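These numbers come from a predicted model, not from an experiment. So you know, we letter chains A, B, ... as the sequences are listed, proteins then strands, and number each from 1. Just the heavy atoms: all of them, side chains too, but no hydrogens, waters or symmetry mates, feed the values below.
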Protein chains: 2
Amino acid sequence: MALEHAILVSLLEKPGSGYELARRFERSIGYFWTATHQQIYRVLKRMEGDGWIDVREVPQQGRPDKKEYSVAAVGRAALSGWLHEPIEPESVRHDLAVKIRGAAFDDPAALIREVERHHQEHADRLAHYLAGELRDFTGPDAPRTPDAGRELQHAVLRGGIAYERMMLAWLDDVLATLHRLRP
Amino acid sequence: MALEHAILVSLLEKPGSGYELARRFERSIGYFWTATHQQIYRVLKRMEGDGWIDVREVPQQGRPDKKEYSVAAVGRAALSGWLHEPIEPESVRHDLAVKIRGAAFDDPAALIREVERHHQEHADRLAHYLAGELRDFTGPDAPRTPDAGRELQHAVLRGGIAYERMMLAWLDDVLATLHRLRP
DNA sequence: AGGGCCATGTAACTCGTTACATGATTCC
DNA sequence: GGAATCATGTAACGAGTTACATGGCCCT
(Lines give C-alpha, C1' and ligand atoms only; values in the text may rest on other atoms or scores of the structure.)
Protein backbone atom coordinates (compact mmCIF):
# COMPACT_ATOMS: atom_id res chain seq x y z
CA MET A 1 0.00 0.00 0.00
CA ALA A 2 2.72 2.44 0.89
CA LEU A 3 5.34 1.37 -1.63
CA GLU A 4 4.17 3.96 -4.14
CA HIS A 5 4.30 6.61 -1.42
CA ALA A 6 7.75 5.53 -0.32
CA ILE A 7 8.85 5.88 -3.95
CA LEU A 8 7.29 9.34 -4.17
CA VAL A 9 9.17 10.45 -1.04
CA SER A 10 12.41 9.03 -2.35
CA LEU A 11 11.98 10.69 -5.76
CA LEU A 12 11.15 14.00 -4.08
CA GLU A 13 14.34 13.72 -2.05
CA LYS A 14 16.16 13.05 -5.32
CA PRO A 15 14.96 11.95 -8.79
CA GLY A 16 16.39 8.71 -10.10
CA SER A 17 15.97 5.52 -12.10
CA GLY A 18 14.31 2.27 -11.06
CA TYR A 19 17.72 0.78 -10.52
CA GLU A 20 18.79 3.64 -8.27
CA LEU A 21 15.57 3.35 -6.29
CA ALA A 22 16.23 -0.34 -5.81
CA ARG A 23 19.66 0.52 -4.39
CA ARG A 24 18.19 3.11 -2.05
CA PHE A 25 15.70 0.52 -0.83
CA GLU A 26 18.65 -1.70 0.01
CA ARG A 27 20.29 1.10 1.98
CA SER A 28 18.76 4.12 3.63
CA ILE A 29 15.08 3.42 2.96
CA GLY A 30 15.73 -0.23 3.81
CA TYR A 31 15.45 0.31 7.54
CA PHE A 32 11.77 1.04 7.30
CA TRP A 33 10.72 -0.39 3.96
CA THR A 34 12.02 -3.03 1.58
CA ALA A 35 11.33 -3.64 -2.08
CA THR A 36 13.00 -5.56 -4.88
CA HIS A 37 13.72 -4.15 -8.31
CA GLN A 38 10.95 -6.28 -9.83
CA GLN A 39 8.39 -4.71 -7.56
CA ILE A 40 9.77 -1.24 -8.14
CA TYR A 41 9.71 -1.46 -11.94
CA ARG A 42 6.14 -2.74 -11.84
CA VAL A 43 4.94 0.05 -9.58
CA LEU A 44 6.87 2.72 -11.52
CA LYS A 45 5.00 1.64 -14.68
CA ARG A 46 1.68 2.05 -12.93
CA MET A 47 2.62 5.37 -11.39
CA GLU A 48 3.74 6.65 -14.76
CA GLY A 49 0.45 5.50 -16.28
CA ASP A 50 -1.44 7.36 -13.58
CA GLY A 51 0.53 10.53 -14.23
CA TRP A 52 2.12 10.55 -10.76
CA ILE A 53 5.66 10.71 -12.14
CA ASP A 54 7.46 11.96 -15.23
CA VAL A 55 10.14 10.06 -17.12
CA ARG A 56 13.20 11.37 -18.87
CA GLU A 57 15.42 9.12 -20.98
CA VAL A 58 19.03 9.77 -19.98
CA PRO A 59 21.66 8.49 -22.44
CA GLN A 60 24.87 7.45 -20.70
CA GLN A 61 28.34 6.55 -21.87
CA GLY A 62 29.97 3.35 -20.71
CA ARG A 63 26.75 2.16 -19.12
CA PRO A 64 23.20 1.42 -20.26
CA ASP A 65 20.85 4.33 -20.77
CA LYS A 66 18.46 4.90 -17.92
CA LYS A 67 15.04 6.37 -17.31
CA GLU A 68 15.08 9.08 -14.72
CA TYR A 69 11.84 9.50 -12.86
CA SER A 70 10.67 12.60 -11.05
CA VAL A 71 7.48 13.43 -9.21
CA ALA A 72 4.73 15.18 -11.19
CA ALA A 73 2.15 17.53 -9.69
CA VAL A 74 -0.44 14.75 -9.59
CA GLY A 75 1.96 12.56 -7.60
CA ARG A 76 2.70 15.32 -5.14
CA ALA A 77 -1.01 15.78 -4.59
CA ALA A 78 -1.47 12.03 -4.12
CA LEU A 79 1.29 11.99 -1.50
CA SER A 80 -0.17 14.98 0.29
CA GLY A 81 -3.58 13.32 0.36
CA TRP A 82 -2.12 10.13 1.80
CA LEU A 83 -0.16 12.05 4.44
CA HIS A 84 -3.38 13.60 5.70
CA GLU A 85 -5.37 10.40 6.04
CA PRO A 86 -4.85 8.31 9.17
CA ILE A 87 -3.25 4.88 8.96
CA GLU A 88 -3.32 2.02 11.42
CA PRO A 89 -0.16 1.12 13.34
CA GLU A 90 1.53 -1.86 11.72
CA SER A 91 1.11 -5.29 13.15
CA VAL A 92 4.37 -7.08 13.73
CA ARG A 93 5.43 -10.29 12.02
CA HIS A 94 8.10 -12.31 13.70
CA ASP A 95 9.00 -15.70 12.30
CA LEU A 96 11.49 -16.03 15.10
CA ALA A 97 8.80 -15.68 17.76
CA VAL A 98 6.86 -18.50 16.10
CA LYS A 99 10.01 -20.60 16.27
CA ILE A 100 10.59 -19.79 19.92
CA ARG A 101 7.11 -20.86 20.91
CA GLY A 102 7.42 -23.89 18.63
CA ALA A 103 10.66 -24.91 20.33
CA ALA A 104 8.59 -26.11 23.29
CA PHE A 105 7.54 -29.03 21.08
CA ASP A 106 11.03 -29.74 19.81
CA ASP A 107 14.52 -29.22 21.18
CA PRO A 108 14.87 -25.71 22.65
CA ALA A 109 18.67 -25.97 22.71
CA ALA A 110 18.68 -26.42 18.92
CA LEU A 111 17.38 -22.87 18.61
CA ILE A 112 20.41 -21.30 20.27
CA ARG A 113 22.45 -21.21 17.08
CA GLU A 114 19.60 -19.65 15.16
CA VAL A 115 19.02 -16.96 17.77
CA GLU A 116 22.75 -16.21 17.81
CA ARG A 117 22.68 -15.77 14.03
CA HIS A 118 19.86 -13.28 14.33
CA HIS A 119 21.73 -11.50 17.10
CA GLN A 120 24.74 -11.11 14.83
CA GLU A 121 22.61 -9.84 11.96
CA HIS A 122 20.98 -7.19 14.14
CA ALA A 123 24.36 -6.17 15.55
CA ASP A 124 25.58 -5.65 11.97
CA ARG A 125 22.55 -3.56 11.11
CA LEU A 126 23.01 -1.45 14.22
CA ALA A 127 26.66 -0.83 13.36
CA HIS A 128 25.63 0.15 9.86
CA TYR A 129 23.00 2.61 11.08
CA LEU A 130 25.35 4.13 13.65
CA ALA A 131 27.99 4.63 10.97
CA GLY A 132 25.37 6.32 8.79
CA GLU A 133 24.29 8.55 11.63
CA LEU A 134 27.85 9.65 12.27
CA ARG A 135 28.45 10.28 8.57
CA ASP A 136 25.23 12.16 7.82
CA PHE A 137 24.03 13.69 11.06
CA THR A 138 26.25 13.76 14.10
CA GLY A 139 29.82 13.56 12.72
CA PRO A 140 32.16 16.49 12.10
CA ASP A 141 31.60 16.36 8.31
CA ALA A 142 27.81 16.46 8.59
CA PRO A 143 26.09 19.65 7.44
CA ARG A 144 25.40 22.12 10.21
CA THR A 145 22.63 24.07 8.51
CA PRO A 146 19.15 23.60 9.98
CA ASP A 147 16.96 21.63 7.56
CA ALA A 148 13.54 20.13 8.32
CA GLY A 149 14.06 17.30 5.83
CA ARG A 150 17.32 16.24 7.44
CA GLU A 151 15.85 16.50 10.93
CA LEU A 152 13.04 14.14 9.95
CA GLN A 153 15.39 11.71 8.22
CA HIS A 154 17.47 11.66 11.37
CA ALA A 155 14.40 10.97 13.51
CA VAL A 156 13.54 7.98 11.31
CA LEU A 157 17.11 6.73 11.55
CA ARG A 158 16.99 7.02 15.32
CA GLY A 159 13.93 4.77 15.12
CA GLY A 160 15.96 2.16 13.24
CA ILE A 161 18.71 2.41 15.84
CA ALA A 162 16.25 2.06 18.72
CA TYR A 163 14.69 -0.95 17.03
CA GLU A 164 18.00 -2.77 16.60
CA ARG A 165 19.05 -2.03 20.18
CA MET A 166 15.74 -3.36 21.46
CA MET A 167 16.12 -6.50 19.36
CA LEU A 168 19.64 -7.12 20.63
CA ALA A 169 18.51 -6.80 24.25
CA TRP A 170 15.55 -9.08 23.65
CA LEU A 171 17.64 -11.70 21.85
CA ASP A 172 20.03 -11.68 24.83
CA ASP A 173 17.01 -12.31 27.03
CA VAL A 174 15.85 -15.16 24.79
CA LEU A 175 19.33 -16.71 24.79
CA ALA A 176 19.48 -16.59 28.57
CA THR A 177 16.07 -18.28 28.70
CA LEU A 178 17.14 -21.01 26.29
CA HIS A 179 20.33 -21.66 28.28
CA ARG A 180 18.33 -21.84 31.49
CA LEU A 181 16.10 -24.53 29.96
CA ARG A 182 19.07 -26.71 29.13
CA PRO A 183 19.46 -29.85 31.23
CA MET B 1 5.42 -18.56 4.86
CA ALA B 2 5.13 -19.06 8.58
CA LEU B 3 1.35 -18.88 8.97
CA GLU B 4 1.00 -22.62 8.68
CA HIS B 5 3.75 -23.06 11.26
CA ALA B 6 2.15 -20.54 13.59
CA ILE B 7 -1.08 -22.53 13.28
CA LEU B 8 0.76 -25.77 14.05
CA VAL B 9 2.27 -24.25 17.19
CA SER B 10 -1.08 -22.91 18.29
CA LEU B 11 -2.81 -26.24 17.69
CA LEU B 12 -0.07 -28.06 19.58
CA GLU B 13 -0.57 -25.70 22.50
CA LYS B 14 -4.28 -26.49 22.29
CA PRO B 15 -6.46 -27.98 19.53
CA GLY B 16 -9.27 -25.82 18.25
CA SER B 17 -11.47 -24.68 15.39
CA GLY B 18 -10.73 -22.15 12.67
CA TYR B 19 -12.82 -19.63 14.51
CA GLU B 20 -10.94 -20.18 17.76
CA LEU B 21 -7.63 -19.85 15.94
CA ALA B 22 -8.80 -16.56 14.47
CA ARG B 23 -9.56 -15.32 18.00
CA ARG B 24 -6.14 -16.41 19.23
CA PHE B 25 -4.54 -14.55 16.37
CA GLU B 26 -6.36 -11.45 17.55
CA ARG B 27 -5.05 -11.93 21.08
CA SER B 28 -1.99 -13.76 22.30
CA ILE B 29 -0.50 -14.76 18.98
CA GLY B 30 -1.38 -11.31 17.68
CA TYR B 31 1.69 -9.70 19.15
CA PHE B 32 3.95 -11.54 16.75
CA TRP B 33 1.69 -12.67 13.93
CA THR B 34 -1.65 -11.61 12.51
CA ALA B 35 -4.13 -13.46 10.32
CA THR B 36 -7.77 -13.08 9.42
CA HIS B 37 -10.29 -15.89 9.52
CA GLN B 38 -10.41 -16.02 5.71
CA GLN B 39 -6.71 -16.71 5.58
CA ILE B 40 -6.91 -19.24 8.37
CA TYR B 41 -9.75 -21.25 6.83
CA ARG B 42 -7.92 -21.34 3.52
CA VAL B 43 -4.68 -22.56 5.06
CA LEU B 44 -6.45 -25.09 7.30
CA LYS B 45 -7.98 -26.64 4.17
CA ARG B 46 -4.59 -26.98 2.58
CA MET B 47 -2.97 -28.35 5.74
CA GLU B 48 -5.76 -30.89 6.08
CA GLY B 49 -5.28 -31.90 2.45
CA ASP B 50 -1.57 -32.35 3.09
CA GLY B 51 -2.25 -34.50 6.12
CA TRP B 52 -0.64 -32.06 8.55
CA ILE B 53 -3.72 -31.87 10.75
CA ASP B 54 -6.69 -34.03 11.68
CA VAL B 55 -10.29 -32.84 11.89
CA ARG B 56 -13.02 -33.87 14.27
CA GLU B 57 -16.60 -32.66 13.87
CA VAL B 58 -17.82 -31.45 17.25
CA PRO B 59 -21.60 -31.04 17.58
CA GLN B 60 -22.56 -28.26 19.96
CA GLN B 61 -25.76 -27.16 21.61
CA GLY B 62 -26.87 -23.58 21.39
CA ARG B 63 -24.19 -22.79 18.86
CA PRO B 64 -23.13 -24.00 15.40
CA ASP B 65 -21.17 -27.22 15.18
CA LYS B 66 -17.46 -26.78 14.76
CA LYS B 67 -14.50 -28.61 13.32
CA GLU B 68 -11.79 -29.18 15.85
CA TYR B 69 -8.34 -29.45 14.36
CA SER B 70 -5.34 -31.14 15.94
CA VAL B 71 -1.81 -31.70 14.72
CA ALA B 72 -1.07 -35.00 12.97
CA ALA B 73 2.31 -36.74 12.94
CA VAL B 74 3.07 -35.36 9.47
CA GLY B 75 2.41 -31.84 10.69
CA ARG B 76 4.63 -32.30 13.71
CA ALA B 77 7.41 -33.47 11.44
CA ALA B 78 6.88 -30.50 9.13
CA LEU B 79 7.15 -28.12 12.08
CA SER B 80 10.26 -29.82 13.34
CA GLY B 81 11.86 -29.57 9.89
CA TRP B 82 11.04 -25.88 9.67
CA LEU B 83 12.41 -25.24 13.17
CA HIS B 84 15.75 -26.67 12.12
CA GLU B 85 16.22 -24.66 8.97
CA PRO B 86 17.58 -21.12 9.29
CA ILE B 87 15.40 -18.13 8.44
CA GLU B 88 16.38 -14.58 7.66
CA PRO B 89 15.64 -11.83 10.17
CA GLU B 90 12.52 -9.95 9.15
CA SER B 91 12.77 -6.63 7.45
CA VAL B 92 10.67 -3.95 9.05
CA ARG B 93 7.79 -2.15 7.39
CA HIS B 94 6.80 1.18 8.81
CA ASP B 95 4.19 3.24 7.03
CA LEU B 96 4.65 5.86 9.67
CA ALA B 97 8.34 6.28 8.85
CA VAL B 98 7.41 6.88 5.22
CA LYS B 99 5.00 9.54 6.40
CA ILE B 100 7.59 11.19 8.62
CA ARG B 101 10.07 11.50 5.81
CA GLY B 102 7.28 12.60 3.49
CA ALA B 103 6.28 15.34 5.92
CA ALA B 104 9.33 17.30 4.77
CA PHE B 105 7.43 17.95 1.53
CA ASP B 106 4.19 18.85 3.24
CA ASP B 107 3.26 20.30 6.61
CA PRO B 108 5.23 18.58 9.41
CA ALA B 109 2.91 19.98 12.09
CA ALA B 110 -0.04 18.18 10.47
CA LEU B 111 1.59 14.89 11.42
CA ILE B 112 1.51 15.57 15.15
CA ARG B 113 -2.04 14.32 15.54
CA GLU B 114 -1.27 11.15 13.64
CA VAL B 115 1.83 10.42 15.70
CA GLU B 116 -0.14 11.01 18.88
CA ARG B 117 -2.76 8.51 17.71
CA HIS B 118 -0.07 5.90 17.14
CA HIS B 119 1.39 6.69 20.55
CA GLN B 120 -1.97 6.03 22.15
CA GLU B 121 -2.42 2.77 20.26
CA HIS B 122 0.99 1.50 21.35
CA ALA B 123 0.31 2.55 24.94
CA ASP B 124 -2.89 0.50 24.81
CA ARG B 125 -1.09 -2.51 23.47
CA LEU B 126 1.60 -2.21 26.14
CA ALA B 127 -1.03 -2.05 28.88
CA HIS B 128 -2.71 -5.11 27.39
CA TYR B 129 0.54 -7.10 27.30
CA LEU B 130 1.48 -6.08 30.83
CA ALA B 131 -1.93 -7.19 32.10
CA GLY B 132 -1.44 -10.51 30.33
CA GLU B 133 2.00 -10.91 31.83
CA LEU B 134 0.68 -10.32 35.32
CA ARG B 135 -2.22 -12.70 34.78
CA ASP B 136 -0.27 -15.55 33.20
CA PHE B 137 3.31 -15.25 34.36
CA THR B 138 4.26 -12.87 37.14
CA GLY B 139 1.05 -12.43 39.14
CA PRO B 140 0.09 -14.31 42.32
CA ASP B 141 -2.42 -16.51 40.45
CA ALA B 142 0.09 -17.60 37.82
CA PRO B 143 1.26 -21.23 37.93
CA ARG B 144 4.49 -21.76 39.81
CA THR B 145 5.47 -25.07 38.28
CA PRO B 146 8.50 -24.92 35.99
CA ASP B 147 7.43 -25.48 32.38
CA ALA B 148 9.56 -24.95 29.28
CA GLY B 149 6.55 -24.03 27.15
CA ARG B 150 5.45 -21.31 29.55
CA GLU B 151 8.99 -19.97 29.87
CA LEU B 152 9.22 -19.61 26.11
CA GLN B 153 5.79 -18.01 25.83
CA HIS B 154 6.85 -15.54 28.47
CA ALA B 155 10.07 -14.75 26.59
CA VAL B 156 8.03 -13.99 23.46
CA LEU B 157 5.67 -11.79 25.46
CA ARG B 158 8.64 -9.90 26.92
CA GLY B 159 9.61 -9.24 23.30
CA GLY B 160 6.22 -7.70 22.62
CA ILE B 161 6.56 -5.56 25.73
CA ALA B 162 10.05 -4.42 24.78
CA TYR B 163 8.81 -3.56 21.30
CA GLU B 164 5.94 -1.41 22.55
CA ARG B 165 8.18 0.38 25.05
CA MET B 166 10.71 1.10 22.33
CA MET B 167 7.98 2.43 20.04
CA LEU B 168 6.60 4.71 22.76
CA ALA B 169 10.06 6.18 23.43
CA TRP B 170 10.69 6.66 19.72
CA LEU B 171 7.29 8.29 19.11
CA ASP B 172 8.08 10.70 21.97
CA ASP B 173 11.31 11.50 20.19
CA VAL B 174 9.47 12.05 16.91
CA LEU B 175 6.91 14.29 18.59
CA ALA B 176 9.67 16.40 20.14
CA THR B 177 11.27 16.72 16.70
CA LEU B 178 8.00 17.75 15.07
CA HIS B 179 7.37 20.38 17.78
CA ARG B 180 10.89 21.72 17.37
CA LEU B 181 10.28 22.20 13.64
CA ARG B 182 7.21 24.34 14.27
CA PRO B 183 7.56 28.06 13.48
C1' DA C 1 -36.43 -5.72 16.66
C1' DG C 2 -31.52 -5.16 16.49
C1' DG C 3 -26.83 -6.02 17.65
C1' DG C 4 -23.25 -9.08 18.88
C1' DC C 5 -21.15 -13.52 19.08
C1' DC C 6 -20.32 -18.19 17.12
C1' DA C 7 -19.09 -20.57 12.98
C1' DT C 8 -17.91 -21.36 8.16
C1' DG C 9 -16.87 -20.15 3.86
C1' DT C 10 -16.27 -17.96 -1.58
C1' DA C 11 -14.46 -14.50 -4.85
C1' DA C 12 -11.78 -10.91 -6.53
C1' DC C 13 -7.96 -8.44 -6.13
C1' DT C 14 -3.47 -6.47 -4.78
C1' DC C 15 1.03 -7.10 -2.98
C1' DG C 16 5.34 -9.53 -2.49
C1' DT C 17 8.67 -13.26 -3.73
C1' DT C 18 11.31 -16.21 -6.74
C1' DA C 19 12.97 -17.58 -10.95
C1' DC C 20 14.29 -16.48 -15.45
C1' DA C 21 16.18 -13.38 -19.08
C1' DT C 22 19.29 -10.06 -21.55
C1' DG C 23 23.36 -7.34 -22.50
C1' DA C 24 27.14 -3.97 -22.08
C1' DT C 25 31.13 -2.32 -19.26
C1' DT C 26 34.59 -2.35 -15.80
C1' DC C 27 37.87 -4.33 -12.72
C1' DC C 28 41.00 -8.08 -11.21
C1' DG D 1 38.55 -15.28 -18.58
C1' DG D 2 35.31 -14.39 -14.88
C1' DA D 3 32.91 -11.71 -11.52
C1' DA D 4 30.70 -7.45 -10.30
C1' DT D 5 28.02 -3.42 -11.49
C1' DC D 6 24.62 -0.95 -14.23
C1' DA D 7 20.11 -1.26 -16.22
C1' DT D 8 15.64 -3.12 -17.55
C1' DG D 9 12.27 -6.22 -17.62
C1' DT D 10 8.58 -10.85 -17.87
C1' DA D 11 6.15 -14.78 -15.75
C1' DA D 12 4.41 -17.60 -12.28
C1' DC D 13 3.16 -18.19 -7.91
C1' DG D 14 2.12 -17.55 -3.08
C1' DA D 15 0.52 -14.51 0.64
C1' DG D 16 -2.51 -11.04 2.38
C1' DT D 17 -6.68 -7.88 2.10
C1' DT D 18 -11.42 -6.62 1.32
C1' DA D 19 -15.95 -7.52 0.24
C1' DC D 20 -19.71 -10.49 0.25
C1' DA D 21 -22.55 -14.37 2.04
C1' DT D 22 -25.23 -17.34 5.32
C1' DG D 23 -27.55 -18.60 9.56
C1' DG D 24 -28.76 -19.61 14.35
C1' DC D 25 -28.52 -18.24 19.25
C1' DC D 26 -28.44 -14.89 23.08
C1' DC D 27 -29.24 -10.63 25.28
C1' DT D 28 -31.44 -6.11 25.83
Taking all heavy atoms of [X] and all of [Y], pick out the closest pair and write down the distance.
{"X": "Val55(B)", "Y": "Lys67(B)", "answer": "CG1-CB, 3.6 Å"}
{"X": "His37(A)", "Y": "Ala22(A)", "answer": "CB-CB, 3.9 Å"}
{"X": "Val92(A)", "Y": "Tyr31(B)", "answer": "CB-O, 4.3 Å"}

What is the distance, rounded to the nearest whole Å, between atom [atom1] of [X] and atom [atom2] of [N]?
{"X": "Leu44(A)", "N": "dG16(C)", "atom1": "CG", "atom2": "P", "value": "14 Å"}
{"X": "Leu3(A)", "N": "dG16(D)", "atom1": "CG", "atom2": "C1'", "value": "15 Å"}
{"X": "His5(A)", "N": "dC15(C)", "atom1": "NE2", "atom2": "P", "value": "10 Å"}
{"X": "Gln38(A)", "N": "dA21(C)", "atom1": "CD", "atom2": "C1'", "value": "11 Å"}
{"X": "Ile87(A)", "N": "dT17(D)", "atom1": "CD1", "atom2": "C1'", "value": "16 Å"}
{"X": "Asp65(A)", "N": "dA24(C)", "atom1": "CG", "atom2": "P", "value": "13 Å"}
{"X": "Glu26(A)", "N": "dA7(D)", "atom1": "CD", "atom2": "P", "value": "14 Å"}
{"X": "Gln39(B)", "N": "dG9(C)", "atom1": "CD", "atom2": "P", "value": "16 Å"}

Of the nucleotides [options], which one has an atom closest to the side chain of [X]?
{"X": "Pro64(B)", "options": "dT17(C), dA7(D), dG23(D)", "answer": "dG23(D)"}
{"X": "Trp33(A)", "options": "dG9(C), dC15(C), dG16(C)", "answer": "dG16(C)"}
{"X": "Arg93(B)", "options": "dC6(D), dT17(C), dA7(C)", "answer": "dT17(C)"}
{"X": "Tyr19(B)", "options": "dT17(D), dT17(C), dA7(C)", "answer": "dA7(C)"}
{"X": "Lys66(A)", "options": "dT8(D), dC6(D), dA7(C)", "answer": "dT8(D)"}

Pairs flagged by salt bridge (Lys or Arg N to Asp or Glu O under 4.0 Å) wherever residues 127-142 of chain B is involved - sequence neighbours left out: none
Gly18(B) or Ser91(B), whichever maps to the more 5' nucleotide of DNA chain C: Gly18(B)
Which residue lies more 5' along DNA chain C, comparing His37(A) with Thr34(A) via nearest heavy atoms: Thr34(A)
Intermediate values then yes/no, side chain to side chain contact (heavy atoms under 4.5 Å, CB included), Trp82(B) and Glu4(B): CA-CA 11 Å; Trp82(B) 177 72; Glu4(B) 43 217 295; over 6 Å; no
Sugar-phosphate only, base, or nothing, as touched by Ser17(B) at under 4.0 Å among non-hydrogen atoms: sugar-phosphate
Sugar-phosphate, base or nothing in reach of Gln60(A), heavy atoms under 4.0 Å: sugar-phosphate
Does [X] place a side-chain N or O at less than 4.0 Å from the phosphate oxygens OP1/OP2 of [N]?
{"X": "Arg42(B)", "N": "dG16(D)", "value": "no"}
{"X": "Lys45(B)", "N": "dT8(C)", "value": "no"}
{"X": "Arg23(B)", "N": "dA7(C)", "value": "no"}

Donor-acceptor pair present, Arg63(A) side chain and dT8(D) base, under 3.5 Å: no
Donor/acceptor link under 3.5 angstrom from Arg46(B) side chain onto base of dG14(D): no
His128(A) atom NE2, over 12 foreign heavy atoms within 6.0 Å: no
